[in-house]
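The structure appears below as structure tokens.
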Protein chains: 2
Amino acid sequence: MKGMHNAPALDMVFAALADPTRRAILSMLLEDDMAVTDVAEPFEMSLAAISKHLVILGRAGLITQERRGRVTWCKLEPDALRDASIWMQSFGQFEAVNLDAFERFLKTELPDEG
Amino acid sequence: MKGMHNAPALDMVFAALADPTRRAILSMLLEDDMAVTDVAEPFEMSLAAISKHLVILGRAGLITQERRGRVTWCKLEPDALRDASIWMQSFGQFEAVNLDAFERFLKTELPDEG
DNA sequence: GCAAAACTCAACCAAACGGTTGAATATACC
DNA sequence: GGTATATTCAACCGTTTGGTTGAGTTTTGC
């Protein structure tokens, strides 16, 4: 179902991105997977607050969490960003972009993927 | 100041995009500039509610409003989306995208612009 | 000048958000 | 088994969000 942009999903993705703490978390996870405690470390707020932020990021599909032992590992899931990014590209200077050509462009530009 | 992504601005853009009514309004404005009353027409909510949505879109920089007579015209401002879009491209499969090459790609793909 | 049109403002409301603290739950380690 | 670690749960709190309604403001047209 290419090109079908699920509205509730977009709601959740954009809402998740609207918070600077959550965007910072995503940036951190870009480097590497992290435990919840380590994610929380640089922030001046409680671990519980970070835990809630991670739930919101998880429900938006932007991260996944995998529990291994007593540690919950957080992993970036960039695919969720993709739908939102493509939705945005339907505007403005991106208006008339041929998405298939866009995909081909990405494939040629990216080193490892696909 | 290329590449400087203003955090509060991103907050407002993403928050504005997190609502389906507001995304629908943006899609409508993609077609043409519209009066507030005409923007409100297809929605099953009060004009005042739509007026508030337009304020939120305006504060995010996604639209501008120009009053001509008693009619307030709403106009899409896609530049605000651009920063957010570029922020998103720093993730996932867009990570390694050469933005200059991306711009060149857009120029070749778009019929009228630049 | 007066009524209709096109909004916006103000007050209100329920629900969601973003944070807190303290208790609960697993798991790991000695 | 008991204690420390990692994380979530639950209750609470003030603020924001997304809607309502009704009144106010400006402009247009007869």
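Per the geometry, CG belonging to A:Leu57 stands 10 Å off P belonging to C:dG18, to the nearest Å. Protein atom CZ of A:Arg70 is 11 Å distant from nucleotide atom C1' of D:dT3, rounded to whole Å. Here the C1' atom of nucleotide C:dA6 and the CD atom of B:Glu41 are 15 Å apart, to the nearest Å. In this structure, B:Phe14 atom CZ and D:dT17 atom P are separated by 17 Å, rounded to whole Å. One atom, CZ of A:Arg68, and another, P of D:dA6, lie 15 Å apart when rounded to the nearest Å. B:Arg67 has its CZ atom 7 Å from the C1' atom of C:dA6, to the nearest Å. D:dA6 atom C1' lies 14 Å from atom CE of A:Met34, rounded to whole Å. The nearest whole Å value for the distance from the CH2 atom in A:Trp73 to the C1' atom in D:dT7 is 14 Å.
A close approach under 4.0 Å does occur between a side-chain nitrogen or oxygen of B:Thr72 and OP1 or OP2 of C:dC7. The side chain of A:Gln65 contributes no N or O atom lying less than 4.0 Å from OP1 or OP2 of D:dT7. Put simply, A:Thr37 has no side-chain N or O that comes within less than 4.0 Å of OP1 or OP2 on D:dT5.
The heavy-atom pair separating B:Met28 from B:Pro42 by the smallest distance is CE-CG, 3.7 Å.
Taking CZ of B:Arg22 as the reference point, atom CD1 of B:Ile56 lies at 4.0 Å (rounded to 0.5 Å). Distance CG/A:Leu57 to CG/A:Leu26: 5.0 Å, rounded to 0.5 Å. Atom CD of A:Gln65 sits about 7.0 Å away from atom OG of A:Ser51, to the nearest 0.5 Å. Here A:Thr21 contributes atom OG1 and A:Glu44 contributes atom CD; the two are 10.5 Å apart, rounded to the nearest 0.5 Å.
Put simply, B:Met45 and B:Val36 are part of the same group of oily side chains (I, L, V, M, F, W, Y) that touch within less than 4.5 Å, one to the next.
In this structure, B:Phe14 and B:Trp87 have perpendicular ring planes: the angle between them is above 60°, well past the 30° mark.
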Please tabulate the protein-to-nucleotide N/O contacts below 3.5 Å involving nucleotides 18-20 of chain D, giving atom names and distances.
unit_1: D:dG18; atom_1: OP1; unit_2: B:Arg22; atom_2: NH2; d: 3.4
unit_1: D:dG18; atom_1: OP2; unit_2: B:Arg22; atom_2: NH1; d: 3.0
unit_1: D:dG18; atom_1: OP2; unit_2: B:Arg22; atom_2: NH2; d: 3.4
unit_1: D:dG19; atom_1: OP2; unit_2: B:His53; atom_2: NE2; d: 2.1
unit_1: D:dG19; atom_1: N7; unit_2: B:Lys52; atom_2: NZ; d: 3.1
unit_1: D:dG19; atom_1: O6; unit_2: B:Lys52; atom_2: NZ; d: 2.3
unit_1: D:dT20; atom_1: OP2; unit_2: B:Ser46; atom_2: N; d: 2.9
unit_1: D:dT20; atom_1: OP2; unit_2: B:Ser46; atom_2: OG; d: 2.8

